[in-house]
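To start, the structure under review is shown below, and the notes come after it.
Reckoned from all heavy atoms, side chains included, excluding hydrogens, waters and symmetry mates. Throughout, numbering of the chain's residues begins at 1 and tracks the sequence.
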Amino acid sequence: MKNKLQGLFAILVLAVMILSLVYIDEVKDSIYKAIESCLTGIIPSLFLNSVLSSVLIKSSKSLKPKRITAADYAIILAYILGNICGYPIGAKMLSELVKDNTITSKQAETAICFSYASGPAYILGIVSAAVFHAKLLGFTAFLSILLSNTVLFIVFVVRRKRSADASQVCKGVPLTTAVMDSIGSSAYSMISICSSIVFFSAMLALIKVLMPSISPAFSAIFEISNITSLQGSGLAFFVLATVLLSFGGLCVHMQVACLAGFSLRKFYLTRPIQVLLTAIFSALGYLIVQNHISIETGTPANIEFSKSGSIVPFICISGMVLIALTYRKQKSDR
């Protein structure tokens, strides 16, 4: 049975490779747009937050209040920063905390359940203008996701307190070391994130060729940046868009799996609960703010990939790749 499954998988991969050659123009266009999205949206909104959150984690020993244990403080930080910085940052932070012996793998498995969110930069900076056409709805969507994660945070923290998990020893590092190491790890994370976005975008292009009538909602489930193609209005539409943002898409799930380094079983078990809570909070939020919504009728301006043939984006990405490769080599040599 196992050999048959491996054979079917090999046939499927070969079929995809052939399709990618037959429809090379569609694949190229999709990859170009994905790279543009990474340069103009993903990296600007995630990189600085990734570096700063990593610095906070690595310097947590000197910043930790005396009355709070190292593990509790780290989990609170992961909850706050994971909801502010964007989808995969929470998993990256928790993975670093496990490696530094600040928390256990078991604690990280629990913390990722409420440290996963799209973050205000993406929702308020892109989705509110492109999808909701109202900043108030963007804020309501962000708040709905935050509240659903807060409910999980409260439930799991109380449960963990009762089980009295042993706290690990928090290891602090000098600030300069924390900054440089955070820059390297964040550059590597950005390359990994953008690479997965490019891959999923190329695969989605092939799916659209085979199924031209595919809905924007399905595209967003596959890769969340496609949510900008979703158009509509009303309560049902707002709840759908917010739930999609809460879920994050299969591409983001792969990013989390690559960055986590610990089991995600509990994370997937709690996704239905988190999505349901988001739907409830978003519906209530829409009903509260619907009479105060100011619709922005203008079409948001497109962000240019580069101006006048500028090579600045290429130089920036090349530098980030070099930093990421250097960081990876240093980690493997240790």
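One finds the CD1 atom of I31 at 13.0 Å from the CD1 atom of I197 (value rounded to the nearest 0.5 Å). Residue I145 holds its CD1 atom at 12.0 Å from CG of L277, rounded to the nearest 0.5 Å. Rounding to the nearest 0.5 Å places CD1 of I35 at 13.0 Å from NZ of K33. Atom-to-atom distance recorded for F153:CZ and T110:OG1 is 12.0 Å, nearest 0.5 angstrom. Distance check, rounded to the nearest 0.5 Å: SG of C251 to CD1 of I224 gives 10.0 Å. Atom CD1 in I221 sits 11.5 Å away from atom CG in L204 (nearest 0.5 Å).
Closest heavy-atom contact between V289 and L136: CB-CD2, 3.7 Å. When all heavy atoms of A108 and V98 are compared, the closest pair comes out as CB-CG2, 3.6 Å. The minimum heavy-atom distance between S282 and A279, with the atom names listed, is OG-O, 2.9 Å. The two residues Y122 and T228 make their nearest non-hydrogen contact at OH-CG2, 4.3 Å. Between G138 and I123, the shortest heavy-atom distance links the atoms O-CG2, 3.2 Å. Heavy-atom minimum distance, M17 versus S20: O-OG, 2.5 Å.
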Intermediate values then yes/no, side chain to side chain contact (heavy atoms under 4.5 Å, CB included), L206 and E26: CA-CA 8 Å; L206 294 177; E26 288 82 357; over 6 Å; no
Verdict with reasoning, V252 to F247, per side chain to side chain contact (heavy atoms under 4.5 Å, CB included): CA-CA 9 Å; V252 177; F247 177 73; over 6 Å; no
Please lay out, stage by stage, how Y286 and T242 fare under the test side chain to side chain contact (heavy atoms under 4.5 Å, CB included). CA-CA 11 Å; Y286 184 88; T242 306; over 6 Å; no
Side chain to side chain contact (heavy atoms under 4.5 Å, CB included) assessment of L210 paired with L19: CA-CA 10 Å; L210 299 175; L19 285 172; 4.1 Å; yes
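Listed by chain and residue number, M203 satisfy the side chain to side chain contact (heavy atoms under 4.5 Å, CB included) test with F199 (two or more places apart in sequence, or in another chain). S215 meets the side chain to side chain contact (heavy atoms under 4.5 Å, CB included) test with A217, F218; sequence neighbours excluded. Looking at residues two or more places apart in sequence or on another chain, you find a side chain to side chain contact (heavy atoms under 4.5 Å, CB included) between L264 and I112, V256, A257, A260, F262, F267, Y268. In this structure F139 satisfies the side chain to side chain contact (heavy atoms under 4.5 Å, CB included) test together with L124, L143, sequence neighbours excluded.
Linking Ile, Leu, Val, Met, Phe, Trp and Tyr whenever their side-chain heavy atoms come within less than 4.5 Å leaves I24 and V209 in two separate clusters. L240 and L276 end up in different hydrophobic clusters when Ile, Leu, Val, Met, Phe, Trp and Tyr side chains are linked at under 4.5 Å. At a threshold of 4.5 Å between side-chain heavy atoms, the hydrophobic network of Ile, Leu, Val, Met, Phe, Trp and Tyr places I288 and L137 in one connected group. A single hydrophobic cluster is not seen to contain both V155 and I280; linkage of ILVMFWY side chains at heavy-atom distances under 4.5 Å, directly or through other members, places them apart. Connection of L284 to F142 is not established within any shared hydrophobic cluster, with ILVMFWY side chains joined at heavy-atom distances below 4.5 Å, either directly or through further cluster members.
For the 3.5 Å distance criterion, the side chains of Y79 and T150 qualify, holding a donor opposite an acceptor. Looking only at atom types and distance, the side chain of S246 has a donor-acceptor partner in the side chain of T278 under 3.5 Å away.
Counting only heavy atoms from C-beta outward, the side chains of V239 and L235 approach each other to under 4.5 Å. Residues F281 and L146 have side chains not in contact (no heavy-atom distance under 4.5 Å, counting atoms from C-beta outward). Put simply, the side chain of L77 does not reach to within 4.5 Å of the side chain of L97, judged on heavy atoms. Residues N83 and F114 form no side-chain contact, since every pair of their non-hydrogen atoms from C-beta on lies 4.5 Å or further apart. When side chains are defined from C-beta on, F238 does not count as touching Q290, because their heavy atoms never get closer than 4.5 Å. Side-chain contact between L152 and S148: absent, with no pair of heavy atoms (C-beta onward) separated by less than 4.5 Å. At a threshold of 4.5 Å between non-hydrogen side-chain atoms, the residues S219 and I214 count as touching. Within the 4.5 Å cutoff, no side-chain heavy atoms of I103 are placed close to those of Y73.
The environment of OH in Y23 is sparse: at most 12 heavy-atom neighbours from other residues, nucleotides or ligands sit within 6.0 Å.
Identified under the side-chain hydrogen bond (donor to acceptor under 3.5 Å, both in side chains) test for residues 249-260, with sequence neighbours left out: Y116-H253, S196-Q255. Sorted pairs that involve residues 201-211 and meet side-chain hydrogen bond (donor to acceptor under 3.5 Å, both in side chains), not counting sequence neighbours, are lacking altogether.
Looking only at distances, no side-chain donor or acceptor of S30 sits under 3.5 Å from a matching main-chain atom of V27. At distances below 3.5 Å, at least one donor-acceptor pair connects side-chain atoms of Q231 with backbone N or O atoms of A130. Although no hydrogens or angles enter the test, the distance criterion places no donor-acceptor pair under 3.5 Å between the side chain of E223 and the main chain of A220. In terms of modelled atom types and a separation under 3.5 Å, the side chain of R265 and the main chain of E109 share no donor-acceptor contact. Between the side chain of S229 and the main chain of P216, no donor-acceptor pair closer than 3.5 Å is present.
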